[in-house]
Amino acid sequence: MAEEAEKEITTFEDFKLNKQLLNAIDEAGYQKPTPIQLQAIPLIMAGHDLLGIAQTGTGKTAAFLLPLLMKVKYAQGHNPRALIIAPTRELVMQIEENITLLAKYTDLRHTAIYGGLGPKTQIETIKNGIDILVATPKRLLELYLKGDLILKELKTLILDEADKMMDMGFMPQIRKLLEVIPRKRQNLLFSATMPDKVVELSEEFLEFPTRVEVTPQATPVDTVSQTLYQVPNLRTKIELLEHLIQDTETFKRVIIFTRSKKNAESVSRFLEHRNYGEVRAIHGNKGQNTRINSMEAFKGGEVRFLVATDVAARGIDVSMVSHVINFDVPLIYEDYVHRIGRTGRAEQLGAAITFANDIELYHIRKIEKLIRMQLNKVPMPAEVKVFETPFEEQQEMAMELDRQKRRDDPDFKGAFHEKKSRHKSNFEKGKKTGDPKKSGWQKTKKKGSRKK
Ligand code: AMP
């Protein structure tokens, strides 16, 4: 007996999941539990509150869904007994898809609610009776406040990607919800990183939690080659992009990541005008249906380029991506790993190409530290025309570096002085960060270019 109790868990059967779930797992093709699943599933099944530090790609969704599905078991009553909150529509949809997959042989009723679509159908589904609800914070609160949602029977609450949730400013909505839902419940919080805000939230939200952590997937898959081009500005980035994608043989299905909606729009419009193949852009300003259609078309192979911001790209699960191009360097460094994880999936060879301007090189160094690897720096192809950096862009870049440094290091000495004379010092700083010897484009910048 003692031997039995000590038996190490290595398979899904060892979790003592029910038959319906084991069948679904089998059909999903999961052969053995991932590390986060091995750690988290027994704890959640034992009823603990849990703080899970794990990123997308680690199998964290099934890590919380399987014990949840065991607990909720079968359709019962009218109102949701479990609630999963996630920051974006894409992620909410992805979680819901996972539930559909894993709850296939149960009669559980589940749905996803999110903004961007009228709430009518969502309300109707809820009214017909629901066991598990997946939601973005805003839409959830909206339906609750309108009286369309009764939360008093909740027994489990899961917050997924809590760091992103805090970044996106959802704390007020989460606080309001915590006030109205039953106190006696099991709470799970998952986050890729643990900034102070998430620590604070976990203290408020979890009761005597057990913490499980899987080493951040900071080692990108070794089937992905990682190249870095130093590119001085937006205009030149576009030139380089255009140069690279001429190679239609290798650049078959490409995701281009930009930091802002504005850049996503500029890049996709450019590609559309030049007719290099079908292009879709997904970012926060795109309607929900447009985003879904774009994703489907890209997955289906009808679209050559998907231009995306990090937030919109959370939860994208597309295989066979030939290239990920980081048109801008992500400021949340883990996003770099997320982004390049889109290529080289399932043993396929993939390529990640990053464009970094002088200011972004600062972040590249940090990313290299995180992934414990050096990107392969390659020179700008001779055919690519290098443009001068316009004054405004210079300034934007310099201010960005300043912000980032201050966020990283609260004792950052420059901040106070720079605040006092922001215009001048930011610009000067931008100039100084480039090493004119190394970067040819710095030479093209005229000294007097700031006087317009
Ligand atoms: P997640 O980290 O939850 O976003 O999961 C990443 C991907 O891994 C999803 O496509 C899941 O379907 C898949 N997955 C989850 N658990 C397993 C497992 N045990 N074995 C193989 N794939 C899995």
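For this chain, numbers begin at 1 and follow the sequence in order. Whatever order the structure lists them in is the order used to number ligands and atoms, beginning at 1.
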Practice item. Evaluate the side-chain contact (heavy atoms from CB on, under 4.5 Å) criterion for residues K197 and M171: first the C-alpha distance (whole Å), next the side-chain angles of each, then the deciding distance (0.1 Å), finally the verdict. Key: CA-CA 9 Å; K197 272 188 193 161; M171 193 61 196; over 6 Å; no
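Heavy-atom proximity to K32, at under 4.0 Å, picks out these atoms of ligand 1: 18 (C), 19 (N), 20 (N). Ligand-side atoms of ligand 1 in range of F12: 19 (N), range being under 4.0 angstrom from any heavy atom. When each atom of ligand 1 is checked for a heavy atom of T61 under 4.0 Å away, the hits are 1 (P), 3 (O), 4 (O).
In this structure a side-chain-to-backbone donor-acceptor pair under 3.5 Å is missing from D328 to T258.
Side-chain contact between L50 and H48 is absent, with no heavy atoms from C-beta onward closer than 4.5 Å.
At least one test fails for K237 against the ring of F355: distance under 6.0 Å to the centre or angle within 45° of the axis.
For ligand 1, one of its N or O atoms has an N or O atom of G59 under 3.5 Å away. Ligand 1 has no nitrogen or oxygen under 3.5 angstrom from a nitrogen or oxygen of Q31.
Side-chain contact of T290 with N293: a donor-acceptor pair under 3.5 Å is absent, judged by distance alone.
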